[in-house]
Amino acid sequence: MKNLLFLITLFSGYVVMGQAYPSFANDNEIKFNIGLFLATTTVEGSYEYYISEDTSVGATVYFDNDAEDFNGNFGIGANFRAYFGYQPRSGFFAEAFGLYYTGEEDLDDPVPILRANDYSTVALGLGLGNKWTTRSEKFTLEIFGGFGRNINPEDFQDTFMYRGGLSIGFRC
């Protein structure tokens, strides 16, 4: 009898699972940067996939009618986020991002030169932000900001770029 009780106790550890957080079914999030749209009429959409309760990977794409704007007229990039909070998938976060963007350089010289004013470049950067979720974990609101440095071409290597905004999101 003691052996049977010992075996039941031993194998019950494999069946019982204790978790600090409930399992989440909504691993995907689609976001729209409403703050950037209201400030500069730039349309930016993002997608975020949660790897775990503390980390995620994502992608961003934006379009702007003004090619001479601060981050050009088109951009696409990826990011990796780590969340530091008491609630999973929300709270304070830090991110590393890469961004490819294109635009036009504003040339102050009235005399035409041989070099074209179109450019495309890649930037790497870091950012910080905070995310809040509703009680149902379906809708999100986040505020974020970050800056990066262009890594090519040589004319733009000394140039910094920044990104930021206020995004609303939906988890599905």
Side-chain angles (χ1 to χ4, degrees), residues 12-67 69-103 120-152 156-157 159-172:
S12 68
Y14 291 109
V15 177
V16 177
M17 295 182 344
Q19 295 179 351
Y21 304 117
S23 295
F24 294 101
N26 302 331
D27 290 336
N28 305 298
E29 184 175 334
I30 299 169
K31 299 178 278 191
F32 176 68
N33 192 340
I34 190 78
L36 188 61
F37 178 74
L38 293 175
T40 65
T41 67
T42 300
V43 177
E44 179 182 71
S46 299
Y47 169 78
E48 188 171 2
Y49 177 76
Y50 294 97
I51 300 169
S52 69
E53 282 78 20
D54 300 1
T55 57
S56 69
V57 292
T60 300
V61 63
Y62 70 86
F63 304 96
D64 192 354
N65 285 335
D66 186 9
D69 206 0
F70 66 98
N71 280 348
N73 60 346
F74 171 77
I76 188 167
N79 63 28
F80 176 80
R81 285 187 177 174
Y83 288 91
F84 306 97
Y86 294 110
Q87 294 190 348
R89 301 180 178 181
S90 62
F92 176 74
F93 64 84
E95 74 175 358
F97 65 88
L99 184 67
Y100 167 80
Y101 63 99
T102 63
S120 61
T121 185
V122 175
L124 298 175
L126 300 172
L128 299 172
N130 202 0
K131 181 182 283 193
W132 297 274
T133 60
T134 58
R135 196 175 295 270
S136 66
E137 299 283 331
K138 285 283 191 186
F139 298 99
T140 63
L141 176 71
E142 75 177 42
I143 187 167
F144 65 94
F147 70 95
R149 183 156 187 169
N150 294 330
I151 59 174
N152 72 339
F156 297 101
Q157 284 181 0
T159 306
F160 287 92
M161 57 81 60
Y162 63 93
R163 61 185 297 247
L166 175 69
S167 294
I168 54 173
F170 176 73
R171 291 183 180 164
C172 49

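Below, each value reflects all heavy atoms present in this structure, side chains not excepted, and no hydrogens, waters or symmetry copies.
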- prompt: Would you find a donor on one side and an acceptor on the other, under 3.5 Å apart, between the side chain of Asp54 and the backbone of Tyr83?
  reply: no

- request: Heavy atoms only: give me the nearest Ser90-Thr133 pair and the separation to one decimal.
  value: CB-CG2, 3.9 Å

Modelled atom types, side-chain donor and acceptor of Tyr62 and Arg163, under 3.5 Å: no

Stepwise side chain to side chain contact (heavy atoms under 4.5 Å, CB included) test for Asn65 and Thr41: CA-CA 8 Å; Asn65 285 335; Thr41 67; 5.9 Å; no

- prompt: In Å and rounded to the nearest 0.5 Å, what is the CZ to OG1 distance from Arg81 to Thr55?
  reply: 12.0 Å

statement: Which of Asn73, Asn150, Thr121 passes side chain to side chain donor-acceptor pair (under 3.5 Å) with Tyr101? It is Asn150

query: Is the side chain of Asn152 donor-acceptor paired with the backbone N or O of Val122 at a distance under 3.5 Å, no angle test?
result: yes

- prompt: Under 4.5 Å between any side-chain heavy atoms of Phe139 and Phe170, yes or no?
  reply: yes

query: Hey, is the main chain of Gly58 close enough, under 3.5 Å, to the side chain of Asn79 for a donor-acceptor pair?
result: yes

message: Quick test of your reading of the model: are Glu137 and Arg89 salt-bridged, counting only N-O distances below 4.0 Å?
response: no

task: Mind listing the closest non-hydrogen atom pair of Gly75 and Leu99 along with its distance?
output: C-CD1, 4.3 Å

message: Once rounded to the nearest 0.5 Å, what's the spacing between atom NZ of Lys31 and atom CZ of Arg171?
response: 9.0 Å

Inter-residue atom distance Cys172.SG - Glu29.CD, 0.5 Å rounding: 9.0 Å

task: Taking all heavy atoms of Ala94 and all of Leu128, pick out the closest pair and write down the distance.
output: CB-CD2, 3.9 Å

- request: Give the minimum heavy-atom separation between Ser46 and Thr60, together with the two atoms involved.
  value: OG-OG1, 3.3 Å

statement: Shortest non-hydrogen pair, Phe84 vs Phe93, comes out as CD1-CA, 4.4 Å

message: Rounded to the nearest 0.5 Å, what separates atom CD1 in Ile168 from atom CD1 in Ile34?
response: 5.5 Å

More than 12 heavy atoms of other groups within 6.0 Å of Phe37 CZ: no

- request: Over all heavy atoms of both residues, which pair between Asn33 and Ser167 is shortest? Give the atoms and the distance, please.
  value: CA-OG, 3.5 Å

task: For atom CZ of Phe147, decide whether the heavy atoms of other residues, nucleotides or ligands shown that lie under 6.0 angstrom number more than 12.
output: no

Test log, rule side chain to side chain contact (heavy atoms under 4.5 Å, CB included), inputs Trp132 and Ile143: CA-CA 9 Å; Trp132 297 274; Ile143 187 167; 3.9 Å; yes

